[in-house]
Amino acid sequence: MEQAKLFMNFQNGLLQGQAVQTTQRVLKDLKGCFSDSEAFEESDLSQIVYEVQIHARETEGKEGGLFWGVSCVYPGKVGNEYFMTKGHFHLQRDTAEYYFGIQGEGVLLLMDESGKCRGEKVKAGSLHYIPGKIAHRLVNSGNGNLLVGACWPSNAGHDYGSIAQNGFSKRVFCMDNSPKLV
Ligand code: F6R
Ligand code: ZN
């Protein structure tokens, strides 16, 4: 019998094994995402906002395969707005995805193509089904790292352009020390 080749540590979200790739997004990569552009320009634009590890066993675009990933959104704010991911629709619009909370506290913003947006609370053990045609963005509304796992079809692709153009219609701000969806 062979040993397992891929491991996920469900405590700290670390993926280990072949074909695990890590990407980082620094604040500069999120230009235009935050409402307070003055606070954005005054921030350290080289700080890491989030990291994504992906088990990329398939090439992007391949039908019938899956990707598995773990995102870590670091705690922080631009003005009163919490650190978040860029967010995207899938390029193949009608492909779904699962997200699951591993550690920390956050909000999953879900927006349909008409711009109707809602937020689901994310915490350790929470499971989130994201149907096709729904844009999704993670917001870290806690004081520690927000770790979230995900599984999605390898032909889904990512459309960041629509979000760069129109944004999400709701944002999560820190008001009186707690997260508010505005
Ligand atoms: C994959 C997916 C996640 C995100 C990750 C980073 O379809 O939804 O793995 O890619 O949370 O967020 P983005 O891609 O919006 O920078
Ligand atoms: Zn996605």
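The model shown is predicted, which means the values in this text are computed figures rather than measured ones. Ligands are counted one by one from 1 in listed order, and the atoms in each one are counted from 1 as well.
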Geometric class of the Trp152/Phe67 ring pair [parallel <30°, tilted 30-60°, perpendicular >60°]: tilted
Which of the ligand 1 atoms, numbered from 1, are nearer than 4.0 Å to a heavy atom of His90: 7 (O)
Min N/O separation Arg25 to ligand 1 under 3.5 Å: no
Closest approach of any protein heavy atom to atom 11 (O) of ligand 1, naming residue and atom: Ser71 OG, 2.7 Å
Aromatic plane relationship, Phe100 with Trp68 - under 30° parallel, 30 to 60° tilted, over 60° perpendicular: tilted
Best match, Trp152, Tyr160, Tyr99: closest heavy atom to atom 8 (O) of ligand 1: Tyr99
Which residues share a side chain to side chain donor-acceptor pair (under 3.5 Å) with Glu51, sequence neighbours left out: Gln24, Tyr74
Carboxylate-amine/guanidinium proximity below 4.0 Å for Glu113 and Lys116: no
Residue pair Phe89, Lys133: steps toward the side chain to side chain contact (heavy atoms under 4.5 Å, CB included) verdict: CA-CA 7 Å; Phe89 283 101; Lys133 303 180 186 170; 5.7 Å; no
Region of His136 engaging ligand 1 - heavy atom pairs below 4.0 Å: side chain
Lys28: salt bridge (charged side-chain N to carboxylate O under 4.0 Å, His left out) partners, not counting sequence neighbours: none
Closest protein heavy atom to atom 12 (O) of ligand 1, given as residue, atom name and distance to 0.1 Å: Thr85 CB, 3.6 Å
Minimum-distance protein heavy atom relative to atom 16 (O) of ligand 1: Tyr50 OH, 2.5 Å
Proximal atoms of ligand 1 relative to Val52 (non-hydrogen, under 4.0 Å): 5 (C), 6 (C)
Inter- and intrachain pairs under salt bridge (charged side-chain N to carboxylate O under 4.0 Å, His left out), touching residues 169-182, at least two apart: Glu81-Arg171
Residues Glu105 and Lys121 bridged, charged N to O under 4.0 Å: no
Atom indices of ligand 1 within 4.0 angstrom of Glu97 heavy atoms, with elements: 1 (C), 2 (C), 3 (C), 7 (O), 8 (O)
Shortest protein heavy-atom distance from atom 10 (O) of ligand 1, along with the residue and atom involved: His88 CE1, 3.6 Å
Spacing of NZ belonging to Lys5 relative to NE2 belonging to His55, to within rounding of 0.5 Å: 10.0 Å
Residue pair His90 / His136, side-chain heavy-atom distance below 4.5 Å: yes
Salt-bridge criterion met for Glu120 and Arg118 (N-O under 4.0 Å): yes
The Zn ion (ligand 2): protein N, O or S atoms [distance under 2.8 Å]: His88 NE2, His90 NE2, Glu97 OE1, His136 NE2
N or O contact, Gly87 vs ligand 1, cut-off under 3.5 Å: yes
